[in-house]
Amino acid sequence: MKKTILLIHTGGTISMAMTDEGAVIPNKENPLMKESNKLDTLATIIEMEAFNLPSPHITPKEMLKLRNLIIEKVSEEQIDGIVITHGTDTLEETAYFLELTTDLSIPIVLTGAMRSSNELGADGIYNLVEAVRVAVDQEAREKGVLVVMNDEVHLAVNTTKTSTSSVNTFQSPQYGPIGLITKTRILFHHAPIRRQYVDIHALSKRVAMLKVYAGMEVDLLEVVLACKYDGVVLEGLGQGNVPPSVVKGIESLIERGIPVVLVSRCFNGIAEGVYGYVGGGKMLEDLGAIFATGINGQKARLKLLIGLNKTGTPLDLKEFFM
């Protein structure tokens, strides 16, 4: 008996076309909506379009709308898996948002394309077929939100876009994919050891993110304070260090109850409080800064945003980020 897959389109390059002038733009009609017959042998497809946006236009509000749509549809009918087509620029952020805000046992799989629908070597339909193949695979259950591109399966928590244009853009630095896709099978070779879930109903808080650099000045943190952000994520140097010039700004934010979360701007390794000099991670930790374990800046920003918007009892943010 064929499984039932909910296929949700959100826009992105996978649904765009290139003009004669070489500009890639959204189609008036999503070309993928005409291709679902290619999936009929794999599953019973329930197809819908949540919105049709280039992924730089997607905000956490659209991510929450998508999350709510999934919860609604799963509660209404028997669905064995979910596939979402999405632009690649912010795909990892939507995937991670869904990872933290859904607790379903069925697979949620995101996919996209690096080449538009009418380009030579377009990869959209191929990736879509593979995403559906993963979503119907029994071993894809209980693994959280997945990203499927270019014959690989990645965890939403680990994967990031690493190339501006390569079809092999999605990688999981220091972790690798959790599965490989061949013409005949899906081979999963490891699984997450823990997942986190946060119940949110609205997004009223705001979180800023800044990349730390040599000679950074404190006025940027003063702007965060003046603009009344509810939290800030800093992509720190090395293991989570900053120039001494910005320490006072960090201290001012923490004193006013505004959480400061530190990650590393490095691709590999874990940010943690090690160095005790002025601006070193240990000093910042002693001031009350929080270190995020194993995620990049954009995901730490979403995690802090979700944590601050949690429904009901507030989270212990330090524990949440461990």
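Heads up: numbering here begins at 1 and tracks the sequence.
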Steps toward side-chain contact (heavy atoms from CB on, under 4.5 Å) verdict (L180, V153): CA-CA 6 Å; L180 302 174; V153 186; over 6 Å; no
Determine whether F170 and L91 satisfy the following criterion, side-chain contact (heavy atoms from CB on, under 4.5 Å), listing intermediate values before the conclusion. CA-CA 10 Å; F170 280 94; L91 185 150; 4.0 Å; yes
Residue pair M283, V247: steps toward the side-chain contact (heavy atoms from CB on, under 4.5 Å) verdict: CA-CA 9 Å; M283 177 195 180; V247 171; 3.7 Å; yes
Does the pair E130 and N150 meet the rule for a side-chain hydrogen bond (donor to acceptor under 3.5 Å, both in side chains), with working shown? CA-CA 9 Å; E130 292 201 327; N150 200 44; over 6 Å; no
Between L110 and T94, is a side-chain contact (heavy atoms from CB on, under 4.5 Å) present by the stated rule, with each step listed? CA-CA 9 Å; L110 281 82; T94 296; 4.0 Å; yes
Check the pair E99 / R195 against salt bridge (charged side-chain N to carboxylate O under 4.0 Å, His left out), numbers first and verdict last. CA-CA 8 Å; E99 168 65 22; R195 295 184 62 195; 3.0 Å; yes
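With hydrogens and angles ignored, the 3.5 Å screen pairs no side-chain donor or acceptor of E92 with any backbone N or O of A156. Looking only at distances, a side-chain donor or acceptor of E119 sits under 3.5 Å from a matching main-chain atom of S116. Proximity of a side-chain donor or acceptor of K303 to a complementary backbone N or O of Q298 within less than 3.5 Å is not detected. Not one N or O on the side chain of N127 forms a donor-acceptor pair closer than 3.5 Å with the backbone of M149. Between the side chain of T88 and the main chain of M114, no donor-acceptor pair closer than 3.5 Å is present. Side chain of T13 to backbone of G87: no donor-acceptor contact under 3.5 angstrom is found. With R115 contributing its side chain and V167 its backbone, the two residues share no donor-acceptor pair below 3.5 Å. A donor-acceptor distance shorter than 3.5 angstrom exists from the side chain of T311 to the backbone of H201, with no hydrogens or angles considered. Side-chain atoms of T169 come within 3.5 Å of backbone N or O of S163 as a donor-acceptor pair. The closest donor-acceptor contact from the side chain of S55 to the backbone of D89 lies under 3.5 Å.
More than 12 heavy-atom neighbours from other residues, nucleotides or ligands sit within 6.0 angstrom of OH on Y197. At most 12 heavy atoms of other shown residues, nucleotides or ligands fall within 6.0 angstrom of atom CD in E319. Counting non-hydrogen atoms of other residues, nucleotides and ligands closer than 6.0 Å to NZ of K205 gives a total of 12 or fewer. When the shell of 6.0 Å around CD of E217 is examined, it contains 12 or fewer heavy atoms from other residues, nucleotides or ligands. Within a 6.0 Å sphere centred on CE of M322, other residues, nucleotides and ligands contribute 12 heavy atoms or fewer. For F188, the CZ atom is densely surrounded, since the number of other residues' heavy atoms within 6.0 Å is greater than 12. Residue K2 places its NZ atom among more than 12 non-hydrogen atoms of other residues, nucleotides or ligands, all under 6.0 Å distant.
Residue P259 comes nearest to D230 through the heavy atom pair CD-O, 3.2 Å, listed as atom of the first residue, atom of the second, then distance. Pairing each heavy atom of L237 with each of P243, the nearest pair is CD1-CD, 4.3 Å. Closest of all the heavy-atom pairs between A292 and F321 is CB-CD2, 3.5 Å. Shortest non-hydrogen contact noted between P107 and A135 is CG-O, 3.5 Å. Closest non-hydrogen pair, S204 versus N309, comes out as N-OD1, 2.7 Å. The two residues L69 and A50 come nearest to each other via the heavy atoms CD2-CB, 3.9 Å.
One hydrophobic cluster, built from ILVMFWY side chains closer than 4.5 Å, holds both I125 and V134. Using a 4.5 Å cut-off between side-chain heavy atoms of Ile, Leu, Val, Met, Phe, Trp and Tyr, with links allowed through other members, V147 and V145 fall into the same hydrophobic cluster. I290 and V260 fall into different hydrophobic clusters, defined by Ile, Leu, Val, Met, Phe, Trp and Tyr side-chain heavy atoms under 4.5 Å apart, directly or through other members. No chain of hydrophobic side-chain contacts below 4.5 Å, direct or via other Ile, Leu, Val, Met, Phe, Trp or Tyr residues, connects M216 to V223. The hydrophobic cluster containing L287 does not contain V261, counting ILVMFWY residues as joined when their side-chain heavy atoms lie under 4.5 angstrom apart, directly or transitively.
Taking CD1 from I306 and CG from L100, the interatomic distance works out to 4.5 Å, rounded to the nearest 0.5 Å. With values rounded to the nearest 0.5 angstrom, I178 atom CD1 is found 5.0 Å from L146 atom CG. In this structure, the separation between CG on L64 and OG1 on T101 is 7.5 Å, given to the nearest 0.5 Å. To the nearest 0.5 Å, the span separating CG on L284 from CG on N241 amounts to 7.5 Å. The CD1 atom of I250 sits 12.5 Å away from atom CD1 of I258, with the distance rounded to the nearest 0.5 Å. Taken from NE2 in H154 to OG1 in T160, the straight-line distance is 11.0 Å, to the nearest 0.5 Å.
Here the side chains of L304 and L317 are in contact, with some heavy-atom distance below 4.5 Å. When side chains are defined from C-beta on, L7 does not count as touching I82, because their heavy atoms never get closer than 4.5 Å. Considering only heavy atoms from C-beta on, Y96 comes within 4.5 Å of V157 through its side chain. Here the side chains of I46 and I5 are not in contact, with every heavy-atom distance at 4.5 Å or above. Looking at heavy atoms from C-beta onward, K73 lies in side-chain contact with M48 at the 4.5 angstrom threshold. You'll find the side chain of V212 stays beyond 4.5 Å of the side chain of R265, heavy atoms only. Residues K143 and P192 are in side-chain contact: their nearest non-hydrogen atoms beyond the backbone lie under 4.5 Å apart. At a threshold of 4.5 Å between non-hydrogen side-chain atoms, the residues N296 and V263 do not count as touching.
A salt bridge links K248 with E251: the distance from a Lys NZ or Arg NE/NH1/NH2 to an Asp or Glu carboxylate oxygen falls below 4.0 Å. Contact check on D137 versus R133 returns no salt bridge, with no Lys/Arg side-chain nitrogen under 4.0 Å from an Asp/Glu carboxylate oxygen. Taking 4.0 Å as the cut-off between side-chain N and carboxylate O, D199 and R67 count as a salt-bridged pair.
No hydrogens or angles considered: nothing links the side chains of K282 and Q239 as a donor-acceptor pair under 3.5 Å. Residues D151 and Y126 have side chains that bring a donor and an acceptor to within less than 3.5 angstrom of each other. For the residue pair T59 / E62, a side-chain donor-acceptor distance below 3.5 Å is found, with atom types taken as modelled.
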